[in-house]
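This report concerns only the one structure given below.
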Number of protein chains: 2
Amino acid sequence: MTAAEYGDPYAVLRPVRSGNTFEETIEHLLQAIRVGLFPPGQKLPAERELAEHLGVSRATLREALAELQQAGFLDIRRGRHGGTYVLEARDAGRQGSVPLEPAQRQDVLVFREVLEPAAAELAAQAQLSTSAREHLLACLADLESADRGSYRARDSRFHIAIAELSGSQSLITAVTDTRARVSALLDEIPLLPANLEHSNEQHLAITEAILDGDGARAKSLMIDHLQGTASLLRGFLT
Amino acid sequence: MTAAEYGDPYAVLRPVRSGNTFEETIEHLLQAIRVGLFPPGQKLPAERELAEHLGVSRATLREALAELQQAGFLDIRRGRHGGTYVLEARDAGRQGSVPLEPAQRQDVLVFREVLEPAAAELAAQAQLSTSAREHLLACLADLESADRGSYRARDSRFHIAIAELSGSQSLITAVTDTRARVSALLDEIPLLPANLEHSNEQHLAITEAILDGDGARAKSLMIDHLQGTASLLRGFLT
DNA sequence: ACACCATGGACTGAAAACAGTCCATTGGAG
DNA sequence: CTCCAATGGACTGTTTTCAGTCCATGGTGT
């Protein structure tokens, strides 16, 4: 809101299109991969099915997939049990990215601190099924056994899993989107072992609070966790 | 999350397109009008400018505008001081709408209760400029002087104004979107004078808390306010 | 070996969306 | 009274996107 007037219609009326379908499809898929939704080795849904879900023609989806294959993110194979497979993360993905404007950085961090504590609280208050609990624990275990290359994606996946437990589709979408933006920020700063270890302790504590059904604790732990990341980011990105 | 498995990629990987550009453009404009961003009598930005902001060609925008004119929402005039003017609200707008699924209703109400209290708190904690304060007070005054026909739109506008003060663009967008969905729900139930008066008292109290810079109070008042609406809705829409 | 069939690959014609250009209208400035 | 400028209106050729169809590949099960 630096320059815009209050009451500016354009702050509220958002763009209908932000690029062509092809580019937006790439962006969606890339986000899903970066955010750990499709870990390396996993097969994407079949083209026909994926195209339908994305609301995009198969031709356009295939253009996007070809581009991602070209860039080294995907391995596409034909045949009876062929498919589109996710390759090991390659660092190149972020190189061309432009650092965010300070206002946008602030926006991401603020919005995240609105969404994720609420998600943790809702998750703790929800009636969690056995499969829900197992999903959260599986994401946590994956994260704890991550190496440097896979950490960011699994971290995102864990945070999204909490949103999934909240039961609100809108919250899942918003958290996913915000996580992808935070990830882009985090990729600009180093991954320090000390921070990493501390984060893992926090992840464990948050998980326990959620599984205990202690909403207030889950929320407060999540706030601490996010503030740690936020101050780290603010420190590095002066 | 009723039927979907936890970890379902499709809960996270959202559609790229949800219709053709023409339809989505109509939806965006209609939302902006319903949400009180463009009150009756106001002129929309010129076609060339609006098209650019929406990321849509002028031809497509014009198709959408023509449709909205046809439906009685807009008055389009040519000439030196011509333009696209918003007409008085007509009730027909909602008639064809299908009632939301219970899960979606729940989602809207939950997500709203995440966003808006946070927005109120952030607004109160922010360094508010004079113009920001005036904007909020203007929206409040409009709302207090509303009649039955204009109430919903001005109510939305007021809630969005609070999000604007928070300074987070993502929050503005999310609140706007959620307000539009809540409005659709509210249009299915009667507007009772008693509720209306109570709401107006709450709006005043929230505004005062924000202008006082009392974040905790603003947040807590907003929670009360939303829960009133939520239980009203849950009562009517059994 | 062989047929099967789910998957990716390739092509075509139609429809949608776009960018660019020029026209028509109309109230105000000079 | 005339001209100007800002606005909507209309047309054209190009590019993108789409839906539909058929082909190619290569494990699986018989």
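Below, chains carry the letters A, B, ... as their sequence lines are ordered, and counting in each starts from 1.
Under the side-chain hydrogen bond (donor to acceptor under 3.5 Å, both in side chains) criterion, B:Glu49 pairs with A:Tyr10, not counting sequence neighbours.
For the pair A:Leu74 and A:Ile33, the minimum side-chain heavy-atom distance is below 4.5 Å. Side-chain contact check for A:Glu24 versus A:Ser18: some heavy-atom pair is nearer than 4.5 Å. Using a 4.5 Å cut-off on side-chain heavy atoms (C-beta onward), A:Leu50 and A:Glu47 make no contact.
The rotation axes computed at either terminus of the helix from C:dA1-D:dT30 to C:dG30-D:dC1 lie 10° apart, taking five pairs at each end and rounding to 10 degrees.
For B:His81 and C:dG27, the NE2 to P distance is 10 Å, given to the nearest whole Å. Between the C1' atom of D:dT25 and the CG atom of A:Asp75 lies a distance of 15 Å, rounded to the nearest Å. To the nearest angstrom, C1' of C:dT26 lies 12 Å from OH of B:Tyr85. Distance, B:Lys43 NZ to C:dT26 C1': 13 Å, rounded to whole Å. In this structure, A:Leu68 places its CG atom 14 Å from P of C:dG8, rounding to the nearest Å. One atom, CD of B:Glu47, and another, P of C:dT21, lie 18 Å apart when rounded to the nearest Å. Going from atom CZ of A:Arg77 over to atom P of D:dG27 covers 9 Å, rounded to whole Å. If you measure from atom CD1 of A:Ile76 to atom C1' of C:dA10, you get 14 Å, rounded to the nearest angstrom.
B:Asp107 contributes a side-chain N or O that, together with a main-chain N or O of A:Gln169, makes up a donor-acceptor pair within less than 3.5 Å. A:Thr25 places a side-chain N or O within 3.5 Å of a backbone atom of A:Thr21 that can act as its donor or acceptor partner. Of the possible polar contacts, one joining the A:Thr178 side chain to the A:Ala174 backbone as a donor-acceptor pair under 3.5 Å is found. For A:Arg152 (side chain) and A:Leu186 (main-chain N/O), a donor-acceptor pair under 3.5 Å exists by modelled atom type.
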Using atom names, set out every protein N or O paired with an N or O of nucleotides 23-25 of chain C below 3.5 Å, distance rounded to 0.1 Å.
| from | atom 1 | to | atom 2 | distance (Å) |
| --- | --- | --- | --- | --- |
| C:dT25 | O2 | B:Gly79 | N | 3.2 |

Please tabulate the protein-to-nucleotide N/O contacts below 3.5 Å involving nucleotides 12-19 of chain D, giving atom names and distances.
| from | atom 1 | to | atom 2 | distance (Å) |
| --- | --- | --- | --- | --- |
| D:dT17 | OP1 | A:Thr21 | N | 2.5 |
| D:dT17 | OP1 | A:Thr21 | OG1 | 3.3 |
| D:dC18 | OP2 | A:Ser57 | N | 3.1 |
| D:dC18 | OP2 | A:Ser57 | OG | 3.1 |
| D:dC18 | OP2 | A:Thr60 | OG1 | 2.5 |

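Among pairs with a residue in residues 18-44 of chain A, none fulfils ring pair (Phe, Tyr, Trp, His ring centres under 6.0 Å), at least two apart in sequence or across chains. Listed by first then second residue, pairs satisfying ring pair (Phe, Tyr, Trp, His ring centres under 6.0 Å) with a partner in residues 132-169 of chain B read B:Phe158-B:His203, B:His159-B:His203, B:His159-B:His225, not counting sequence neighbours.
For the side chain to side chain contact (heavy atoms under 4.5 Å, CB included) test with A:Leu29, the passing option among A:Val86, A:Thr84, A:Leu61 is A:Leu61; the others fail.
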